[in-house]
Amino acid sequence: MVQVEEFKARRQALMQKMGHGVALIPTAAEAVRNRDSHYPYRFDSYFYYLTGFDEPEAVVLLVAGEAPKTILFCRDKDIEREIWDGFRHGPEGARDTFGFDEAYSITELDQRIGEYLANQLQLFFSLGADSDWDQRLGGWLKQLASQARSGVATPAAIVDVRRLLDEMRLVKTPYELEIMRKAAEITVDAHKRAMRTTRPGLMEYEVEAEILHEFCRRGSRAPAYTSIVAGGGNACVLHYITNQDLLNDGDLLLIDAGCELEGYAADITRTFPVSGKFSPVQKDVYELVLAMQQAAIAQVRPGQHWNSPHEAALNVLAQGLIDFGLCQGSLDGVLESGDYRRFYMHRTGHWLGLDVHDAGEYKQADGAWRLLEPGMVLTVEPGCYIRPAENVPEHFWNIGIRIEDNAVVSADGCEIITAAAPKTVQEIEDWMRQA
């Protein structure tokens with residue numbers, strides 16, 4: 001259910017940050033898949049963050065200043081179209097349900113926009129995000145400029161509204177965290193289902209089907225991103241999404257999958273043996289990655305900078321690779337040379353929220369890493385990917401491991417909201433043995 005006061009508070013907070021001016025935030029357009037078929041509709045995250053309104057063809061206008069006002073433009077109530085496409089709120093229903101001051105038909109936007117843009121000092125808009133909206137805005141501003149001799153002024157400055165919203169979205173409210181914990185719970189159960197289902201001889205897509213089944217069964221109608229179900233050497237392809245190969249005895253299976261619930265993403269990765277039992281070398285590499293993650297999680301707390309978890313993970317990885325004989329030299333030497341990047345080429349996390357790679361800068365204006373604050377949500381996802389190579393012993397070949405959890409920064413550390421997914425070697429083997 002839409003929490004009207006939550007979204008009204010966000011709009012008020014944005015208008016306070018604006019000071020004076022008008023903000024224009026459209027939602028995403030529908031996308032045609034082929035001929036008469038559309039992709040399932042997904043709203044624009046910035047628009048939804050301010051409105052809770054999930055219908056296409058909608059725009060929110062916020063007028064800040066001495067007489068603040070919130071306006072929604074949306075599709076008309078149309079009983080005939082509802083027979084074909086489903087329920088529409090219509091302007092009047094949307095105004096009352098979502099707490100706007102005014103609401104109008106989207107067909108009236110061109111006619112009415114001038115009264116909101118005229119004589120405003122600033123326009124808050126995201127130039128470059130959508131060329132169609134850029135062109136449309138240019139037409140409105142040109143029309144306003146033509147009225148200059150009548151005393152009508154166009155906005156003197158255009159400010160990127162997303163920069164303000166990015167800062168707001170970075171720290172989650174209790175309402176948002178409640179949804180994210182539920183998304184995490186559903187995703188945990190999907191990974192557990194996948195572990196229980198997996199056995200040699202299945203196809204990757206059969207395991208993916210089990211994950212999607214659990215998502216949908218629990219109320220999530222879509223994954224937050226295309227699931228990665230990568231057996232054997234496919235796990236060394238970071239964004240492998242083909243999911244069409246056979247799962248073989250003796251291989252590992254890496255699954256990176258998360259559901260979307262009420263717009264919010266979960267993002268979990270687990271790696272486990274197809275047969276249910278790690279080989280000795282698989283266990284060694286797995287426990288190295290697990291130690292990387294444990295070191296990184298220990299750095300997720302208020303006051304630590306964003307890069308601290310990554311730095312902690314790299315120290316563990318580099319020493320492990322030296323111990324395995326995969327890198328040569330001292331710990332400092334391997335870190336300085338970047339030799340470890342042959343086996344670990346991504347960073348250790350990202351922000352998480354309405355987008356799986358969520359809004360928010362990682363560095364401050366002065367170039368320093370951002371400090372973590374309570375309410376921020378991030379992933380912690382170290383990995384190690386060992387491809388066949390002449391200078392790599394064959395028993396390491398095609399071992400690809402990533403372990404990913406979702407962390408909420410708390411007052412004195414962090415809460416791992418995905419901790420219930422089996423993660424240690426013993427937990428994984430015990431869980432799969434009970435299948």
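Computation of the quantities below employed the complete heavy-atom set of this structure, encompassing side-chain atoms and omitting hydrogens, waters and symmetry-equivalent molecules.
- Sorted by first then second residue, the salt bridge (Lys or Arg N to Asp or Glu O under 4.0 Å) pairs that include residues 221-245, not counting sequence neighbours, number zero.
- Remark: Glu178 does not engage Arg181 in a salt bridge, criterion side-chain N to carboxylate O under 4.0 Å.
- Using a 4.0 Å cut-off between a side-chain N of Lys or Arg and a carboxylate O of Asp or Glu, Lys172 and Asp358 qualify as a salt bridge.
- The salt bridge (Lys or Arg N to Asp or Glu O under 4.0 Å) test applied to Arg162 returns Asp44, not counting sequence neighbours.
- The pair Glu92-Lys77 fails the salt-bridge criterion, with no side-chain N (NZ, NE, NH1 or NH2) lying under 4.0 Å from an Asp/Glu carboxylate O.
- Salt bridge annotation for Asp189-Arg218: present, with a cationic side-chain nitrogen under 4.0 angstrom from a carboxylate oxygen.
- For Glu404 and Arg270, the salt-bridge test fails: no basic side-chain N is under 4.0 Å from an acidic carboxylate O.
- Annotation: side-chain hydrogen bond (donor to acceptor under 3.5 Å, both in side chains) contacts involving residues 21-35, sequence neighbours excluded, comprise Thr27-Tyr41.
- Both tests do not hold together for Arg387 against Trp397: distance to the six-membered ring centre under 6.0 Å, angle to the ring axis within 45°.
- A salt bridge is defined here as a Lys NZ or Arg NE, NH1 or NH2 lying under 4.0 Å from an Asp or Glu carboxylate O, and Asp130 with Arg136 fails to meet this definition.
- For Tyr362 and His305, the side-chain atoms include no donor-acceptor pair closer than 3.5 Å.
- With contacts defined as side-chain heavy-atom distances shorter than 4.5 Å, the pair Ile25/Val59 does not qualify.
- Relative ring orientation between Phe324 and Phe396 is described as tilted, the plane-to-plane angle lying within the 30° to 60° band.
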Determine, stepwise, if the pair Leu127 / Asp160 fulfils side-chain contact (heavy atoms from CB on, under 4.5 Å). CA-CA 7 Å; Leu127 279 174; Asp160 186 359; over 6 Å; no
Please report the C-alpha distance between Glu381 and Thr348 in whole Å, then the side-chain angles of each, then the deciding distance to 0.1 Å, and finally whether the side chain to side chain donor-acceptor pair (under 3.5 Å) criterion is met. CA-CA 5 Å; Glu381 52 175 308; Thr348 305; over 6 Å; no
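- For the pair Arg433 and Asp430, the salt-bridge criterion is met [side-chain N within less than 4.0 Å of a carboxylate O].
- A salt bridge is defined here as a Lys NZ or Arg NE, NH1 or NH2 lying under 4.0 Å from an Asp or Glu carboxylate O, and Glu361 with Arg370 fails to meet this definition.
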For Asp355 and Ser45, what are the C-alpha separation, side-chain angles and deciding distance, and is it a side chain to side chain donor-acceptor pair (under 3.5 Å)? CA-CA 7 Å; Asp355 298 310; Ser45 294; 2.8 Å; yes
Tell me, with the steps shown, if Asp256 and Tyr240 meet side chain to side chain donor-acceptor pair (under 3.5 Å). CA-CA 10 Å; Asp256 187 337; Tyr240 174 83; over 6 Å; no
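- Both the sub-6.0 Å distance and the 45° axial angle are not jointly satisfied by Lys363 relative to the ring of Trp306.
- Using a 30° and 60° split on the angle between ring planes, Tyr48 and Phe7 fall in the perpendicular class, above 60°.
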For Gln319 and Asn315, run side chain to side chain donor-acceptor pair (under 3.5 Å): C-alpha distance rounded to whole Å, both residues' side-chain angles, the deciding distance at 0.1 Å, then the answer. CA-CA 6 Å; Gln319 186 59 58; Asn315 276 282; over 6 Å; no
